[in-house]
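I have placed the structure first, in the form of structure tokens, so that the comments after it can refer back to it.
Note that the structure is predicted; figures quoted are calculated from it, not measured. Note on naming: letters A, B, ... go to the chains in the order of the sequence lines (proteins, then strands), and numbering restarts at 1 for each one.
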Amino acid sequence: MQQKYNPHVLEREAQRDWEARGAFRATEAPDKPKYYCLSMFPYPSGKLHMGHVRNYTIGDVLTRYFRMKGRNVLQPMGWDAFGLPAENAAMQNGVPPAKWTHDNIDYMRKQLKSLGFAIDWSRELATCDPAYYKWNQWLFLRMLEKGLVYKTTGVVNWDPVDQTVLANEQVIDGRGWRTGAVVEKREIPMYYMAITRYADELLAALDTLPGWPERVKTMQANWIGKSYGVNFGFSYDWTDPTSWKEGKVPASAPPPHGGGYPLQGQLKVFTTRADTIMGVTFLAIAAEHPLAERLANCRPALQPFVEECKRGSVMEADLATMEKKGVPTGFHVTHPLNGEKLEVWIGNYVLMGYGEGAVMAVPAHDERDFHFARKYGLPIRQVIAVPDKVFSTDAWQDWYADKESGVCVNSGRYDGLDYKKAVDAIAADLAAKGAGEKQVLYRLRDWGISRQRYWGTPIPIIHCAACGDVPVPDHQLPVVLPEDCVPDGTGNPLNKRADFVECKCPRCGQAARRETDTMDTFVDSSWYYLRYACPDNTAQMVDQRVSYWLPADQYIGGIEHAILHLLYSRFWTKVMRDLGLVKLDEPFRNLLTQGMVLNEIYFRRSEAGRIAYYNPADVEWSTDGAGNRSVALKADGKPVEAGGIGTMSKSKNNGVDPQELIDHYGADIARFFMMFTSPPEDTLVWSDAGVEGAARFLRRLWNFSWEFSKTATASADALRGAALPPALATARREIHAVLKQANYDIGRHQFNTVASAAMKILNALERAPQGDAAGGAVVHEGLSILLRLLSPITPHVAHRLWLDLGFGSDILEATWPEPDPAALIEEEIELVVQVNGKKRGDVRVPRDADRKAIEGIVLADPAVQKFISGQPVKKVVVVPGRLVNVVV
RNA sequence: GCCGGGAUGGCGGAAUUGGUAGACGCACGGGACUCAAAAUCCCGCGCCCUCAAAAGGCGUGCGAGUUCGACUCUCGCUCCCGGCACCA
């Protein structure tokens, strides 16, 4: 064995050894329990960041742990290789996204290998590979056949200067990130996947996932947002003069594009609060509502507001935080129950995409309606009362909306009814009049997958003047994306590629145009975990090997994916099941949501409103004479703005490349530090303070092993038979107690305390007297426990020392250590003594002392007597094995 | 704005889920070794009171509450992080 710990040499050797033996190659073994450990595959952004190291170290720890527990393990890796950053890089550097992506993959693969992860690289896949995305297209066509894919319009962010669609991320404060132009909403045709058809199952099946964190299930349930309510209509008549504020029908205008809106009918709304229906004082509709369009068409005064509503981004967070505004239209509809004429407003806060794009407004019992009514002086009519509370229109109170304790008032025949009874009665009356009925509504919307972008899976559709939209026949798949385009920020470059666009209609053979939209990259990531089971199958999307490996026993990834990616994957799995492709209801049995790795954010904003981000490593804080702190870019010394802290990301340029850490300390120390520094699910603000401690620990382990290796004859044999002297028994008890706790902690994925357990064991070993055979035996056993406990976290050094100290030929094949119950037994235990809940000392009692004996010992204790000081003892609480509380 | 989560010494965190708050580390201070430095080893290290110690008091974001006992449970806040459907 080498005297000095040299991680770089030793790690390279271990990795070569594993690779030469194909140590992590997984094969199906139906007789052995399997463990499929899946980590969310990375986007190849350039280089690994700390979040990747954290994610994949967690996965590797579990993979190696379960291998030692006897499972047939699979840990695959791949690349989420399509997406926007490649196009941005192309604009910046003029390199085609394909080349940039492949270069990044090569570099990052090398980085992952240098970290020594137990990955089966033979299953590697990249979603930009036609052999992969062919199956996106194939399944899209199957879904189209089943009606699970359909085409309709959707709203996107439009940059009027670059004449291009912007991603939400490319809109900053309502302006295009490159042009600074105010963004507009624009409706364009798109393909949708009908995820809402699975809404009920996606919601109900959350209960079949005990291995998922509650918070993720709650978020998904809220996202699906099942609500029970009533859908009903306010009847209207465009041609009736009494519908109009001025008492006459306004001059008719040409029908708006899209065919207009019927002149008579019902304006439909959905409400979960039908009990408040008698308190409706006006209605609000979205600016995109066809009635709003018709109204704006004949009333020019409405036009500016409708235009204003069309400016700005489509992001929900923007819509929800903007000032609530509206305009009255002068048009009135009729209340279905009391016959009142109510005015229709256009409101910027009404979402066309949810419900009917129109809402009934009950200012007295809905907070948003309340503020809106106060702002515009609209009537507020109380129709719900809560006992002992006085309603006032001065300010909003939470209880105004209380469903639980409220009863109807000022509501005619519904007075006195509680929420449930009122809803039932009102729904029945509406139904009787043919005005409405109960309805279940979901917040979940269908999944728009069309992207007006180049670097993605081409949508396999051909547009023919004669035949319409024609699916590409299966035998022509994949529709291959040309790899030499360089986007320039002004729309999808595919539109300019005649060799891609021009094609023959598969149906009639005439010249036709190929669809140039590509698929949302969430499509790629919705099923890659299935493909790992059979990446070599060129004839089928999936095969029977999926049945062996799936569902994944553990899925690990950032909490930021709690909703979208995980919900889409669950949906996709169910679709494939219903198409008979897999026998699987849910893809991921257990889910570990890794906390985000955050870092500081620095940027500069140009006059045009463009933002440039700078890496925290490239900026410097300084303090001037007056004690003011400022931050500047090292390169030019000019100030930058501090943008707080946030997720390490390509777009914010605040990633930390782990390579420096690996180059300096080696993979084991980097891995150990990453696990030690915080529990996996916690948010982590990056700092390398403390990495020295990890380095010190592994050096100390090595030095201790070196000293021990000189006592070559030591073995654990001497532990059998004779009792150990007290100092050794204590050391051994300590080691086994720490191991017991560590095994518990591994089970609950708290790896930071597993790492400290390893440190505690080394501390105990260093304290143990090891002069004689018994001492040598305790240390021999302790070291073998320590190396196995460490091997999932620091596999290289564990591998080397296991060999050098003669424990065996391969620690990968060693069994996981379990504590020896005999080693844990103690004759006397220590109990904490409290008086009135305050710690006042401790006592030692025999291990098997009963409650009464303990009470006697404690009350006799002089320290306790001092604090009781003659007061009568009211009660003695004894918590076995822990403490005694004397209450006086 | 809505949904989910978090807050414990100078720092990362621990506390077997209602039972000794601060394990294990980092940083820092003191000491040993050394011509010196690095490395290594030993000791100290929540705050207040105290020259120091003993003894005592306070202490888990803030404010109430339940309990013999609260970092842990309940209610009300503050701040921070993640998501909000075209970043992935």
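- For B:C87, the OP1/OP2 oxygens have no side-chain nitrogen or oxygen of A:Asn88 closer than 4.0 Å.
- Among the heavy atoms of the strands, none lies under 4.0 Å from A:Trp447.
- The interatomic distance linking A:Leu831 (CG) with B:G69 (P) rounds to 20 Å, in whole Å.
- Taking the C1' atoms as reference points, B:C11 lies 13 Å from B:G22, given to the whole Å.
- Counting any heavy atom pair closer than 4.0 Å across all strands shown, A:Arg443 reaches a base atom.
- Nucleic acid contact class of A:Asp842 (heavy atoms, under 4.0 Å, all strands): none.
- Contact check, A:Asn752 against B:A14: a side-chain N or O comes under 4.0 Å of OP1 or OP2.
- With respect to the salt-bridge test (charged N to carboxylate O, under 4.0 angstrom), the residues A:Arg767 and A:Glu734 qualify.
- A salt bridge between A:Glu766 and A:Arg700 is present, with a side-chain N of the basic residue lying under 4.0 Å from a carboxylate O of the acidic one.
- Counting non-hydrogen atoms under 4.0 angstrom, A:Arg215 reaches the backbone sugars and phosphates but no base.
- Atom P of B:C75 sits at a distance of 49 Å from the matching atom of B:C42, rounded to the whole Å.
- Proximity of A:Asn168 to the phosphate of B:A85: a side-chain N or O atom is located under 4.0 Å from OP1 or OP2.
- Of the nucleotides present, B:C58 is the one that pairs with B:G46 by Watson-Crick or G-U wobble criteria, both distances under 3.5 Å.
- The side-chain contact (heavy atoms from CB on, under 4.5 Å) test with A:Val216 singles out one residue from A:Leu567, A:Leu206, A:Leu591, and that residue is A:Leu591.
- Map A:Val879 and A:Arg748 each onto its nearest nucleotide of RNA chain B; the residue landing nearer the 5' end is A:Arg748.
- Not one side-chain nitrogen or oxygen of A:Asn222 sits closer than 4.0 Å to the OP1 or OP2 atom of B:C2.
- A:Phe522 comes within 4.0 angstrom of a nucleotide base, judged by non-hydrogen atoms across all strands.
- If you check every strand for non-hydrogen atoms under 4.0 Å, A:His565 touches nothing.
- Across all strands shown, B:C71 forms no Watson-Crick or G-U wobble pair with both distances under 3.5 Å.
- Within the 4.0 angstrom heavy-atom criterion, no nucleotide atom of any strand lies near A:Pro42.
- Atom P of nucleotide B:C80 and atom CD1 of A:Ile601 are separated by 13 Å, given to the nearest angstrom.
- Note on ring orientation: taking the six-membered ring where Trp is involved, the planes of A:Phe82 and A:Tyr133 are tilted (angle from 30° to 60°).
- Whole-Å rounding puts the A:Glu681 CD to B:G13 P distance at 14 Å.
- Contact annotation: side chain of A:Asn885 to base of B:C68, donor-acceptor pair present below 3.5 Å.
- A close approach under 4.0 Å does occur between a side-chain nitrogen or oxygen of A:Thr647 and OP1 or OP2 of B:G82.
- At the phosphate of B:A21, neither OP1 nor OP2 sits under 4.0 Å from any side-chain N or O atom of A:Lys838.
- The nucleotide whose nearest atom lies closest to any side-chain atom of A:Ile563 is, among B:A85, B:G83, B:U20, B:G83.
- Contact between the side-chain N/O atoms of A:Arg699 and the OP1/OP2 oxygens of B:U40 is found at a separation under 4.0 Å.
- Of the candidate nucleotides B:G19, B:A14, B:C81, B:C81 has the atom lying nearest to any side-chain atom of A:Thr683.
- Paired with A:Arg451 under the rule side-chain hydrogen bond (donor to acceptor under 3.5 Å, both in side chains), one option of A:Asn492, A:Asp520, A:Thr457 passes, and it is A:Asp520.
- As judged by a 4.0 angstrom heavy-atom cut-off over every strand, A:Ala317 is placed among the base-contacting residues.
- For A:Ile645 and B:G6, the CD1 to P distance is 16 Å, given to the nearest whole Å.
- Within 90° of 0 lies the glycosidic angle of B:U17, which makes this nucleotide syn.
- Rounded to a whole Å, the CG atom of A:Asp682 is 19 Å from the P atom of B:G4.
- Inspection of the A:Asn136 and A:Trp527 side chains reveals an N or O donor paired with an N or O acceptor under 3.5 Å.
- Under the Watson-Crick or G-U wobble criterion, with both distances below 3.5 Å, B:C2 is paired with B:G83.
- A salt bridge is defined here as a Lys NZ or Arg NE, NH1 or NH2 lying under 4.0 Å from an Asp or Glu carboxylate O, and A:Lys652 with A:Glu169 fails to meet this definition.
- Using a 4.0 Å heavy-atom criterion, one finds that A:Leu444 contacts the bases of the nucleic acid, with or without backbone contacts as well.
- Across all strands, A:Met674 comes closer than 4.0 Å to no nucleic acid atom at all (heavy-atom distances).
- Following rounding to the nearest Å, A:Leu698 (CG) and B:A39 (C1') show an atom-to-atom distance of 16 Å.
- Among the protein residues, A:Ser651 comes within range of no part of the nucleic acid, since none of its heavy atoms lies under 4.0 Å from any strand.
- Nucleotide B:C11: paired with B:G25 (Watson-Crick or G-U wobble, both distances less than 3.5 Å).
- Taking side-chain N and O atoms only, A:Gln220 has no distance below 4.0 Å to OP1 or OP2 of B:A85.
- In textbook terms, a nucleotide whose glycosidic angle is within 90° of 0 is syn, and B:G9 is one such case.
- Evaluation of atom-type donor-acceptor distances gives no pair under 3.5 Å for the side chain of A:Glu692 against the base of B:G25.
- Among the atoms of the strands shown, base atoms are found under 4.0 Å from some heavy atom of A:Gln452.
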Chi angles and distances behind the salt bridge (Lys or Arg N to Asp or Glu O under 4.0 Å) call for A:Arg368, A:Glu323: CA-CA 11 Å; A:Arg368 195 176 50 191; A:Glu323 194 193 348; over 6 Å; no
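- In the set B:G12, B:G57, B:G19, the nucleotide with an atom closest to the side chain of A:Val877 is B:G19.
- In this structure, CE of A:Met519 is placed 20 Å from C1' of B:C87, rounded to the nearest angstrom.
- Between the side chain of A:Arg882 and the base of B:U16, at least one donor-acceptor pair of N or O atoms lies under 3.5 Å.
- Computed from coordinates, the A:Leu566 CG to B:C3 P distance equals 21 Å when rounded to whole Å.
- Here the nucleotide nearest the side chain of A:Gln750, chosen from B:C3, B:A14, B:A85, is B:A14.
- An OP1 or OP2 oxygen of B:A23 is reached within less than 4.0 angstrom by no side-chain nitrogen or oxygen of A:Ser756.
- Using a 4.0 Å cut-off between charged side-chain N and carboxylate O, A:Arg178 and A:Glu87 make no salt bridge.
- Note on A:Phe697: nothing from the nucleic acid sits closer than 4.0 angstrom, heavy atoms only.
- Residue contacts shown for A:Gln834 include a base, since a base heavy atom lies under 4.0 Å away.
- Side-chain N/O atoms of A:Thr647 and A:Glu560 include no donor and acceptor closer than 3.5 Å.
- In terms of position along RNA chain B, the nucleotide closest to A:Val685 lies nearer the 5' end than the nucleotide closest to the other residue of the pair A:Val685 and A:Arg445.
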